[in-house]
Enquirer: 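Handing you this structure, nothing more for now.
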Amino acid sequence: MAAVPASEARPLVTVARALNRALHDALAEDPSVLVFGEDVGVNGGVFRITDGLTREFGEQRCFDTPLNEAGIVGFAVGLAMNGMRPVIEMQFDAFAYSAFEQIVSHVAKMGNRTRGQVRLPMVIRIPYAGGIGGVEHHCDSSEAYYAHTPGLYVVTPSNPADAYALLRDAIRSPDPVIFMEPKKLYWAKGEASFGEVLPGIGKAVVRREGTDATLIAYGSSVPIALEAAEAAAEDGRSLQVIDLRSLVPLDDETLYAAVRATGRAVVVAEASGFASVASEIAARISENCFHTLLAPVRRVTGFDIPYPPPKLEHFQLPSVDRVLDAVDDLQWDES
Amino acid sequence: MAAVPASEARPLVTVARALNRALHDALAEDPSVLVFGEDVGVNGGVFRITDGLTREFGEQRCFDTPLNEAGIVGFAVGLAMNGMRPVIEMQFDAFAYSAFEQIVSHVAKMGNRTRGQVRLPMVIRIPYAGGIGGVEHHCDSSEAYYAHTPGLYVVTPSNPADAYALLRDAIRSPDPVIFMEPKKLYWAKGEASFGEVLPGIGKAVVRREGTDATLIAYGSSVPIALEAAEAAAEDGRSLQVIDLRSLVPLDDETLYAAVRATGRAVVVAEASGFASVASEIAARISENCFHTLLAPVRRVTGFDIPYPPPKLEHFQLPSVDRVLDAVDDLQWDES
Amino acid sequence: MTRRKPETLLPTATPICFIAADGSLAARSADEVPPVAELLKAMRGLVEARRFNKLASALVRQGRLAVYPSTHGQEACQVAAVQVLDADDWLFPTYRDTTAVVARGVDPAEALTLLKGDWHTGYDPHQYKVAPQATPLGTQLTHAAGVAYAAVLRHEPTVVMALCGDGATSEGEFHAALNFAAVFRAPVVFLVQNNGYAISVPLSRQTAAPSLAYKGIGYGVPGAIVDGNDVAALLHVLGEAVRQARAGGGPQLVEALTYRMEAHTNADDATRYRDAAEVKAWEPRDPLLRLETYLRATGALTDEIMAGFVADAEAIARRTRAELNRDVTPDPTDLFQHVFDTPTPQLAAEQRMLLDELARDAEGA
Amino acid sequence: MTRRKPETLLPTATPICFIAADGSLAARSADEVPPVAELLKAMRGLVEARRFNKLASALVRQGRLAVYPSTHGQEACQVAAVQVLDADDWLFPTYRDTTAVVARGVDPAEALTLLKGDWHTGYDPHQYKVAPQATPLGTQLTHAAGVAYAAVLRHEPTVVMALCGDGATSEGEFHAALNFAAVFRAPVVFLVQNNGYAISVPLSRQTAAPSLAYKGIGYGVPGAIVDGNDVAALLHVLGEAVRQARAGGGPQLVEALTYRMEAHTNADDATRYRDAAEVKAWEPRDPLLRLETYLRATGALTDEIMAGFVADAEAIARRTRAELNRDVTPDPTDLFQHVFDTPTPQLAAEQRMLLDELARDAEGA
Ligand SMILES: Cc1ncc(C[n+]2csc(CCOP(=O)(O)OP(=O)(O)O)c2C)c(N)n1
Ligand SMILES: Cc1ncc(C[n+]2csc(CCOP(=O)(O)OP(=O)(O)O)c2C)c(N)n1
Ligand SMILES: [Mg+2]
Ligand SMILES: [Mg+2]
């Protein structure tokens with residue numbers, strides 16, 4: 001494909017629009033794709049991610065269900081067992097918990113249980129995390145629950161281009177994908193070309209080159225990390241930023257290469273830190289880059305508290321300042 | 001209290017018996033304590049942990065419920081809101097998943113939500129982990145799901161004395177405790193004195209002194225770690241063994257002091273390793289003992305696979321050999 | 001356990017109605033209708049609830065509240081559910097039931113804490129015997145059963161009024177709660193406010209049952225269906241249900257047919273999923289208008305009395321607005337202090353970290 | 001959506017029964033009873049299922065199986081549930097329903113893989129149209145609804161037979177499944193084998209409903225109650241339910257009253273929670289005896305035919321025992337190869353780690 005100037009080929013779109021387009025294109029491409037959940041039909045989803053799909057593809061391709069998350073997931077398992085590719089929406093992070101048994105005991109295990117005879121090509125879309133002034137139960141960063149569960153792919157985009165490509169990838173996956181959508185970024189704009197070659201699940205990307213330390217982020221923490229790197233650059237510190245995109249599997253290769261090059265790392269994630277994905281990343285890096293690490297791996301995560309009410313949520317979210325403080329802490333004098 | 005010879009004061013009992021005795025003593029001591037769940041009444045629980053309690057305390061204190069784990073937990077929340085101290089049993093680890101929404105969205109959050117006006121003094125007992133030849137869904141090590149959730153205490157005993165003391169502690173706690181019972185150890189015998197001063201939730205213990213490296217374990221991995229230390233001693237290597245007992249809160253003080261003294265650490269846990277409690281421990285140690293660590297922290301955990309069928313489960317369980325291999329890996333030449 | 005006869009558990013074919021939409025008597029006789037004093041009390045409640053809905057919606061538009069799920073149109077359910085309770089009874093409300101919470105006596109500003117975003121639950125549940133307003137659908141219903149059963153165990157006469165919507169009946173929690181309450185004969189009145197929608201999803205996508213009240217028999221729970229915009233019928237049916245429950249008759253299920261006149265919340269655009277004509281058709285069935293017409297016709301309600309209700313409602317609205325306009329500076333240490341009764345060492349450290357950060361910021365500023 | 005009349009959704013007051021416990025005709029007329037050929041087929045099935053239960057229980061005692069939840073006493077349900085299905089229909093069994101799985105044609109050794117412990121599901125669900133035997137109670141029921149709805153979407157005539165026990169009806173999953181199936185008119189027959197117990201917990205602790213069949217109406221699903229030890233009645237009721245479902249009549253709920261004659265599993269001690277007298281009382285209601293008596297009385301079943309059934313059942317038992325006695329050496333790479341279609345780099349590394357360890361062990365040994 002000939003290179004075209006980005007401005008021509010890639011209009012600015014929101015993450016929400018990119019996701020909507022991915023669902024649209026998947027429905028158009030493959031008649032076995034189904035989209036369902038709560039309010040995803042005529043209403044187009046409370047975040048409008050499924051806007052227009054019922055109108056265009058009909059009630060049999062995109063439809064509302066009774067209000068029961070375990071039912072939605074279980075119904076999807078059955079449909080996937082019988083030739084369909086369900087893409088389902090959990091309305092908010094915390095409401096997926098009532099489907100936890102289905103997700104852990106069936107979605108994650110069916111392929112393994114049957115030695116691959118019954119694979120479940122299904123996608124569970126979960127709007128997650130905070131920063132939108134939501135009341136309790138609407139802002140949980142629940143990715144660790146899924147990432148800890150063997151048998152689930154877990155991905156999360158940080159921009160429109162990845163949102164589109166990752167969701168197309170997820171829908172084509174022969175195995176279940178937990179697709180975590182950072183709510184805060186739904187309205188973030190960026191370039192996206194909807195025909196482009198997909199990166200494939202499991203590939204991290206270096207979002208910004210840098211030599212002094214590596215910031216590792218995913219989802220809505222990526223913009224924070226990038227901003228922090230920008231600010232640090234002004235202070236003469238060169239920070240590299242990795243966007244994981246895929247939590248399961250992790251792209252260890254990219255991760256280790258990055259940290260080995262800089263010798264310092266900060267993991268940035270909004271979820272409460274204890275026994276989290278950030279813990280895993282910190283543990284892996286500490287183990288596998290032991291001899292190149294010039295300072296302990298620092299974590300900038302949410303506190304180990306229930307997600308705060310709107311007026312207090314800014315205290316919980318990783319901020320540029322916190323990231324820079326963590327970077328400052330990386331024992332620069334001693335190196 | 002005058003010291004009495006251990007053999008006189010402390011008969012050998014099983015973990016199962018110690019737990020039964022703890023429930024018994026709690027029911028006798030406090031009329032607000034209630035025990036309920038599936039098959040915990042006349043049947044005494046499938047592991048017989050509640051044996052005899054209905055007979056002794058009556059149907060109003062220890063009783064069976066309809067088969068619905070979310071219902072059991074939600075009912076307990078209501079009872080705890082209204083003056084009771086429910087101690088409930090989930091029959092097996094994986095069957096607690098259908099109560100996940102109740103546990104994460106209510107049990108863990110009620111005290112915080114109401115600024116302490118409604119605390120939930122309740123205990124959720126969960127027989128967990130494998131090693132007993134159980135079929136699928138009967139052997140999950142699910143502790144990370146709870147440990148990652150702010151607002152839950154998570155404890156797990158490794159012997160009869162702790163089983164008794166921790167369960168009494170848990171029942172007296174003003175806040176909810178996830179009480180994880182390693183099934184494999186139900187029939188393990190040990191000393192226990194039922195009147196003894198309780199350690200309090202949040203205290204780890206050094207089970208074996210050692211100077212060369214620290215093994216950190218909990219639940220059913222503790223006997224493995226002790227066995228490994230014994231074997232290593234024969235080879236002239238002195239391994240210290242820490243039994244965490246409490247996963248939330250972690251006893252960082254004991255942990256860091258231990259690892260700083262030896263400079264080497266191996267975390268042993270049966271759960272799949274990714275984004276697990278073992279990850280957290282490894283990450284914390286790596287961060288907080290950075291300058292004293294002589295080798296990367298190693299983790300001996302279950303693989304990131306669904307729990308295997310009985311004939312294959314021995315491949316999944318941490319073994320003495322695996323622990324010793326990990327210890328061998330701790331870069332002894334280089335120190 | 002003696003099993004009840006199926007016939008005793010089935011609802012009537014049509015909703016129980018005492019006062020027709022036009023305000024005329026629909027009951028077999030005026031004796032069936034609750035006493036005038038009760039109805040006047042309800043009238044006052046309806047006026048206050050309606051005013052509160054108006055106020056809260058205005059506060060959202062003015063940015064003083066983050067979100068407000070209104071009960072405009074459903075006020076009869078809100079008022080009746082509370083009016084039939086004794087002081088020691090409990091109310092289990094959902095996110096939508098703020099007007100019931102306020103009717104129960106909770107300070108309006110405390111009740112709006114959640115929706116204002118200062119904290120989660122803003123009132124002391126024990127003080128008012130009002131559980132926290134529940135957001136995860138249906139999850140409060142098993143709590144209600146537990147609270148009720150604790151009272152049974154202590155031989156207290158408490159009854160629990162547990163609210164949920166039509167959508168929530170589809171959740172597994174509803175199933176668990178009715179079943180636990182029935183098996184343990186816990187005195188819970190489950191009031192389903194069937195307003196026809198779960199956000200955008202109509203009842204036809206929620207159930208194929210003849211009506212939601214038919215869900216009772218599957219648990220051995222008597223089911224009743226009532227006109228949810230007829231506060232007289234609601235007071236009667238809910239009052240009877242509370243009496244039954246208190247007398248040891250176990251849980252009761254009441255389905256109230258009503259309609260949400262506004263969008264799901266201010267964040268929702270109801271025109272995407274329902275016709276203006278449908279909404280319009282519900283206007284003449286308004287619960288306030290209906291009771292007012294009836295009471296005026298009987299002579300019990302005069303202009304003067306009504307003016308008193310309106311003035312009192314205005315006064316509450318004024319006070320509430322004033323309180324809501326006060327800016328509360330939330331205390332960040334609250335985030336760490338209540339997770340457990342005593343913060344863990346880790347939480348204490350996290351709090352220190354945040355306070356240090358704030359101190360540094362303050363210095364820097 | 002047209003809502004059905006309540007009367008059409010309620011079960012009969014007493015269980016439908018065609019052949020009484022003593023083998024006499026209980027149907028209004030012999031015409032109601034399924035044709036002799038069907039009954040003889042069922043007789044063969046019952047003999048095979050009973051023999052299989054005996055074998056499996058013996059294999060547990062001999063340590064060849066880890067655990068076995070027997071259907072001894074429930075064989076009529078097992079046989080009828082399968083006999084009414086077409087080849088393209090699906091069966092959704094629980095952990096208990098191994099005899100139904102085998103009746104459906106799954107190789108007995110494959111069916112016992114789970115309980116032997118070699119692997120989880122031992123058969124190919126697509127080959128037999130038999131879902132994996134489900135352990136987490138009720139969780140298979142929404143899958144059944146999904147499989148059925150996929151067929152609806154593709155205009156295939158598939159019906160799904162979904163099994164569960166009385167205890168499982170209390171789970172939220174049961175609620176979700178009946179509701180989804182009803183709302184989407186998915187052709188599922190939900191067969192509840194009510195054997196009176198969930199391990200030790202009697203039905204009275206499970207529900208206060210007049211009977212479990214009364215749960216149907218709450219979803220708009222017709223409920224029927226049938227004598228679960230009368231295979232003739234089961235064939236009729238389930239056959240009719242399958243026809244209704246296939247004809248677009250949506251899901252059907254059938255409660256079959258039966259009894260588990262053995263303990264929950266070999267790990268269970270049933271004497272802790274039920275009297276010997278209670279078990280004894282069920283002996284004369286045995287499903288095999290009943291059909292045999294009836295068929296012999298009608299002259300359709302001769303000693304010779306019966307001997308043929310017994311001999312065939314013995315042959316199956318012999319083959320199964322032989323296969324079960326073969327030691328399978330499970331391959332540890334299976335642990336990593338099927339978690340995903342393509343192992344992740346991490347799983348590949350974990351597999352290498354294990355294989356290295358095994359290689360070192362082998363060297364060391
Ligand atoms: C478990 C769960 N799933 C989804 C939601 C999101 N949600 C909030 S309100 C609502 C609709 C509820 O409808 P209904 O029960 O009829 O109550 P109503 O809002 O009409 O009063 C939904 C889907 C939720 N709060 N909880
Ligand atoms: C979700 C869940 N909770 C608990 C269990 C443990 N358990 C296995 S069988 C059983 C009893 C089931 O009773 P029922 O549904 O009547 O079936 P039956 O065993 O009588 O055939 C229980 C509690 C389980 N398998 N799944
Ligand atoms: Mg509604
Ligand atoms: Mg049963």
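Labels below follow one simple rule: chain letters A, B, ... track the order of the sequence lines, proteins then strands, and each chain is numbered from 1.
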Enquirer: Using 30° and 60° as the class limits, which term best fits the ring planes of F100(B) and Y145(B): parallel, tilted or perpendicular?
Expert: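 Because their plane-to-plane angle is over 60°, the rings of F100(B) and Y145(B) count as perpendicular.
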
Enquirer: Heavy-atom pairs under 4.5 Å with chain A are the metric here; pick the option from S286(B), S98(B), C289(B) that has the most.
Expert: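 The option with the most such pairs is S98(B).
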
Enquirer: Hey, which of N288(A), I285(A), I281(A), D304(A) has the most heavy atom pairs under 4.5 Å with chain B?
Expert: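 Highest number of heavy-atom pairs under 4.5 Å: D304(A).
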
Enquirer: Which one, E136(B), R284(B), R298(B), K109(B), leads in non-hydrogen pairs under 4.5 Å with chain A?
Expert: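 So the answer, after comparing E136(B), R284(B), R298(B), K109(B), is E136(B).
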
Enquirer: Heavy-atom distance under 4.5 Å to chain B: side chain of V104(A), backbone, both or neither?
Expert: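 The answer is the side chain of V104(A).
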
Enquirer: Between CZ of R260(A) and NE2 of H291(A), what distance do you get to the nearest 0.5 Å?
Expert: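 Taking CZ in R260(A) and NE2 in H291(A), the distance rounds to 10.5 Å.
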
Enquirer: Using non-hydrogen atoms only, which part of L293(A) is less than 4.5 Å away from chain B: side chain, backbone, both, or neither?
Expert: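 Contact with chain B: backbone and side chain both.
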
Enquirer: Name the member of A278(A), A70(A), A108(A), A147(A) that forms the most heavy-atom pairs with chain B at distances under 4.5 Å.
Expert: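 Heavy-atom pairs under 4.5 Å are most numerous for A147(A).
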
Enquirer: For D93(A), is there an ion pair with K183(A) - N to carboxylate O distance below 4.0 angstrom?
Expert: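 A salt bridge is present here (some side-chain N lies under 4.0 Å from a carboxylate O).
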
Enquirer: Where does Y97(B) contact chain A at under 4.5 Å (heavy atoms): side chain, backbone, both or neither?
Expert: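 Looking at Y97(B), backbone and side chain both touch chain A.
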
Enquirer: Taking S105(A), A282(A), G151(A), S272(A) one by one, which has the highest count of heavy-atom pairs under 4.5 Å against chain B?
Expert: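 With the most close heavy-atom pairs to chain B, the winner is S105(A).
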
Enquirer: What do you reckon, is NZ of K203(B) surrounded by more than 12 foreign heavy atoms closer than 6.0 Å?
Expert: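 Incorrect, the count does not exceed 12.
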
Enquirer: In terms of heavy-atom pairs under 4.5 Å with chain A, which of H137(B), E69(B), Q102(B) leads?
Expert: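 Heavy-atom pair counts peak at H137(B).
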
Enquirer: Under 4.5 Å, counting heavy-atom pairs only, tell me which of A271(B), A295(B), A96(B) racks up the most with chain A.
Expert: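 That would be A295(B).
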
Enquirer: Using non-hydrogen atoms only, which part of S142(A) is less than 4.5 Å away from chain B: side chain, backbone, both, or neither?
Expert: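 Looking at S142(A), nothing touches chain B.
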
Enquirer: Between A99(A) and chain B, with a heavy-atom cut-off of 4.5 Å, which part of the residue counts as in contact: side chain, backbone, both or neither?
Expert: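 Nothing of A99(A), per the 4.5 Å heavy-atom cut-off to chain B.
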
Enquirer: As an exercise: rank S276(B), P309(B), S279(B) by heavy-atom pairs under 4.5 Å with chain A and give me the winner.
Expert: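 Highest number of pairs under 4.5 Å: S279(B).
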
Enquirer: Can we call the ring centroids of F95(A) and H138(A) under 6.0 Å apart?
Expert: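 Yes, ring centres under 6.0 Å apart.
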
Enquirer: Measure distances from D140(B) to the heavy atoms of chain A and classify the residue's part below 4.5 Å as side chain, backbone, both or neither.
Expert: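 Looking at D140(B), just its side chain touches chain A.
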
Enquirer: If you take all heavy atoms of I103(B) and V73(B), which pair is closest and at what distance?
Expert: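 Minimum heavy-atom contact is CG1-CG1, 4.1 Å.
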
Enquirer: Looking at G133(B), is its backbone amide N or carbonyl O close enough to the side chain of E313(B) to form a donor-acceptor pair, meaning the two atoms are under 3.5 Å apart?
Expert: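 Side chain of E313(B) to backbone of G133(B): a pair is present.
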
Enquirer: Can a donor-acceptor pair be found, under 3.5 Å and without considering hydrogens, that links the side chain of Q91(A) to the backbone of V46(A)?
Expert: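 Checked: no pair found.
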
Enquirer: When you measure from the side chain of R113(B) to the backbone N and O of H106(B), does any donor-acceptor pair fall under 3.5 Å?
Expert: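 Side chain of R113(B) to backbone of H106(B), a donor-acceptor pair under 3.5 Å: no, none is there.
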
